[in-house]
Amino acid sequence: MGSKNTAAAGQSTRQIIDELEDYYDKDNLYFQTISSVLEAADLLNIPHNVKLMLSQPKNEIMLHCPIQMDDGSWQLFKGYRVQHNNVLGPYKGGIRYHHEVKLDEVKTLALLMTMKCALARLPYGGAKGALKIDPRAVSPRELERVTRRMTAALGNNIGPDYDIPAPDVGTNAQTMAWMADTYINFAESSRKVMAQGVVTGKPLEFGGSAGREKATGQGVVFVLETLLPGIGLELARQSYSLIGYGNVGSWTARLLQARGAQLKAVLDHTGAIINQAGIDAEALAVHVRQTGGVRGYPHAREISEADFYATPVDLFIPAALEQMVDLEHARTMQCKVLVEAANAPTTPDAEHHLLERGVEVLPAILCNAGGVTVSYFEWKQNRLSETWDESVVDARLKTVMCRAAAHVLATAEKLDCNLRLASYAAALERISTVYRLRGVFP
Ligand code: NAD
C-alpha cells in the first residue's frame with residue numbers, strides 16, 4: 001500500500017484545474033477532492049475529456065424556501081441540490097440539514113457519491129443536497145413544512161428514475177417520509193406507486209428496507225473484517241475511538257461491540273468522553289437518544305478535544321463532519337488505522353502526515369458505501385414491490401462491500417498507490433469505460 005504521486009500526474013491535474021477557469025484555492029475542499037480524483041485518473045491514463053467532465057458537476061440547483069414559523073414570523077431557508085454525474089444511472093445522494101452548509105461542501109459530497117456508486121458497482125451516478133438549517137433549533141412542525149416546501153421546489157429535478165435523495169447529517173427516515181409523501185402528492189395517479197422510490201432511507205412501514213438504518217455502520221464493519229487481517233490486525237482485539245455518535249457512529253459502535261472491539265473515547269458536538277476500560281455502545285446510544293449528545297454519560301469521564309485526539313487506540317473512526325482530522329490533530333493522534341466512516345473527514349496534509357507515519361488510511365468512498373448500497377436495495381424492492389428480510393439485505397451488502405474492498409486492495413497493488421487513490425482509480429475505470437462505450441452526446 002505504497003504512495004505514488006508523479007510529477008507528470010500533478011501537471012495534468014493542474015492543466016484540468018486551469019481549464020475550469022475557476023479559482024485555484026488549495027484550501028478549498030472541492031479543489032482538494034477533485035485534485036485527488038484527477039491524480040488517480042492520471043495513474044490510469046483516463047482520457048482528457050472524461051477528466052474535464054468529472055471536474056465540475058452537471059447541475060447545481062439553488063433554491064430558497066419561505067417558511068412561516070410557529071410564532072408567525074417568516075424565514076427564508078437556502079437549499080442546494082448538486083447533481084455531479086449520471087453516466088452510470090440516476091443521480092443518487094443524501095440530503096443534509098446543517099446551519100453552516102456551503103455549496104462547495106455539497107459539490108464535494110456529490111463528486112464523492114459519483115465515485116462511491118461506481119466503486120460499489122451500483123447503477124447510479126452521484127448527487128448531494130443540503131438545506132441551510134439547524135434541525136435542532138426548529139420545531140417538528142417547522143421542519144416538516146420546510147421539508148415539504150423544499151421537495152415541491154425541487155419538483156422534477158428529483159424522481160425515482162432521475163435523482164433519488166436519502167438521509168445524511170441532520171436528516172432521517174421521518175424526513176424521507178415527508179419528502180416521499182410530498183412527491184407522491186404531485187405524481188400522476190398511474191405513477192404514484194413508483195413515485196415512492198423517489199427517496200430511500202424511508203421508514204420500514206412506508207417503503208423502507210430492513211437493515212437500512214444500520215447499513216452504513218454495517219458496511220464499515222464488513223470493510224474492517226475484509227481489510228484488517230491483511231494489516232495483521234484482528235478486529236476482536238482492537239480498541240477504537242469515534243468522532244460522532246449519530247446514525248453512522250452509533251451503529252458502527254454497536255456492531256463493533258458485537259464483534260469484540262472496545263470503544264474507548266467519543267467526541268461529538270456536545271463534548272468528549274473516555275473510559276479506558278471500555279464504553280458500552282448500547283448504553284451510550286440510549287443516553288444520546290435521551291439527551292442529544294454524549295456529554296454527561298455517567299459511565300465515562302469528560303476530556304478535552306485535544307485529549308480525545310491524542311488518546312492511543314488501534315482504530316480512529318471519524319463519523320461526523322468533513323475535515324475534522326486536520327494536520328494539528330493528526331500530529332497528536334496515536335492509532336494504527338484511520339477508518340473514514342464520514343465523508344472527507346481528513347485534510348490532505350493530515351493524510352500525508354499519517355501515511356508517512358505508517359498509519360493505514362481506509363478511504364471514505366469504500367468505508368461508508370454501505371448506506372448507498374442498501375439504499376439501492378430499498379429502491380430495487382420498491383420497483384419490484386418486494387420486501388427482503390434483514391438477513392438477505394445483510395448478505396447482499398456483505399457481498400458488495402467485500403468485493404469493493406478487495407478491488408481497492410488489488411488496484412493499490414497494481415498501481416502501487418495508496419488506498420484513497422486506488423479507490424478513486426477503481427471507480428474511474430468503470431466510469432471511463434462507460435463513457436467510451438456510450439460516447440459523449442452529441
Ligand atoms: P448524524 O446527523 O446522524 O450524526 C452526525 C454526528 O456528528 C452527531 O453525533 C454530531 O454530534 C456529530 N457532530 C456534528 N458536529 C460536530 C462537531 N463539531 N464535532 C464533533 N462532532 C460533531 O449524521 P450521520 O448520518 O451519522 O453522518 C455522519 C457522516 O457519515 C457524514 O459525513 C455523512 O455524510 C456520512 N455518511 C452518512 C451516511 C448515512 O447513511 N447516514 C451514509 C454515508 C456517509
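Both ligands and their constituent atoms are indexed starting at 1 by order of listing.
- Between Y97 and F77, the gap from one ring centroid to the other reaches at least 6.0 Å.
- The cationic group of R145 does not satisfy the cation-pi geometry with W178, failing either the under 6.0 Å distance to the six-membered ring centre or the 45° limit from the ring axis.
- Ring geometry for Y309 versus F316: interplanar angle under 30°, hence parallel rather than tilted (30 to 60°).
- The nearest heavy-atom contact from the protein to atom 40 (O) of ligand 1 is T216 OG1, 2.8 Å.
- Below 4.0 Å from some heavy atom of A341 lie the following atoms of ligand 1, by number and element: 30 (O).
- Shortest non-hydrogen contact noted between M401 and G370 is SD-N, 3.6 Å.
- For atom 9 (O) of ligand 1, the closest non-hydrogen atom on the protein side is Y245 N, 2.8 Å.
- Of the listed options A319, A342, G271, A319 places a heavy atom closest to atom 28 (C) of ligand 1.
- Which parts of ligand 1 touch M324 is read off a 4.0 Å heavy-atom cut-off, strictly below it: atoms 17 (C), 19 (N), 20 (C).
- Annotation for G217 and L255: closest pair C-CD1, 3.8 Å, computed over non-hydrogen atoms.
- Considering each of G93, A320, G94, the one bringing a non-hydrogen atom nearest atom 13 (N) of ligand 1 is A320.
- For the side chain to side chain contact (heavy atoms under 4.5 Å, CB included) criterion with F308, the lone passing option out of I273, I274, T332, L267 is L267.
- Using a 4.0 Å cut-off between heavy atoms, N172 makes no contact with ligand 1 at all.
- Distances from atom 5 (C) of ligand 1 to the heavy atoms of S250, P135, G246 show the closest one on G246.
- Atom CD1 in I365 sits 4.5 Å away from atom CG in L119 (nearest 0.5 Å).
- Those atoms of ligand 1 with a heavy atom of R96 less than 4.0 angstrom away are 31 (C), 32 (O), 33 (C), 34 (O).
- Across the listed options L109, N247, T171, I365, N247 owns the non-hydrogen atom lying nearest to atom 1 (P) of ligand 1.
- The nearest protein atom to atom 11 (O) of ligand 1, hydrogens excluded, is given as H269 ND1, 2.6 Å; this is a heavy-atom distance.
- The protein atom (non-hydrogen) at minimum distance from atom 24 (P) of ligand 1 is V248 CG2, 3.9 Å.
- From the protein, the heavy atom lying nearest to atom 15 (N) of ligand 1 is L321 CD1, 3.4 Å.
- Here the CD atom belonging to Q262 is positioned 11.5 Å from the CG atom belonging to L315, to the nearest 0.5 angstrom.
- Nearest protein neighbour of atom 27 (O) of ligand 1, counting heavy atoms only, is V169 CG2, 3.5 Å.
- Closest to atom 35 (C) of ligand 1 among all protein heavy atoms lies N343 ND2, 3.6 Å.
- A donor-acceptor distance shorter than 3.5 angstrom exists from the side chain of N382 to the backbone of G207, with no hydrogens or angles considered.
- Atom 33 (C) of ligand 1 has D168 OD1, 3.2 Å as its closest protein atom, hydrogens excluded (heavy atom only).
- Which parts of ligand 1 touch R212 is read off a 4.0 Å heavy-atom cut-off, strictly below it: atoms 40 (O).
- At least one heavy atom of G170 sits under 4.0 Å from some atom of ligand 1.
- Tested against E378, the residues R212, R383, K202 include a single side chain to side chain donor-acceptor pair (under 3.5 Å) partner, K202.
- No close placement of the Y91 and Y124 rings is indicated, their centers lying 6.0 Å or farther apart.
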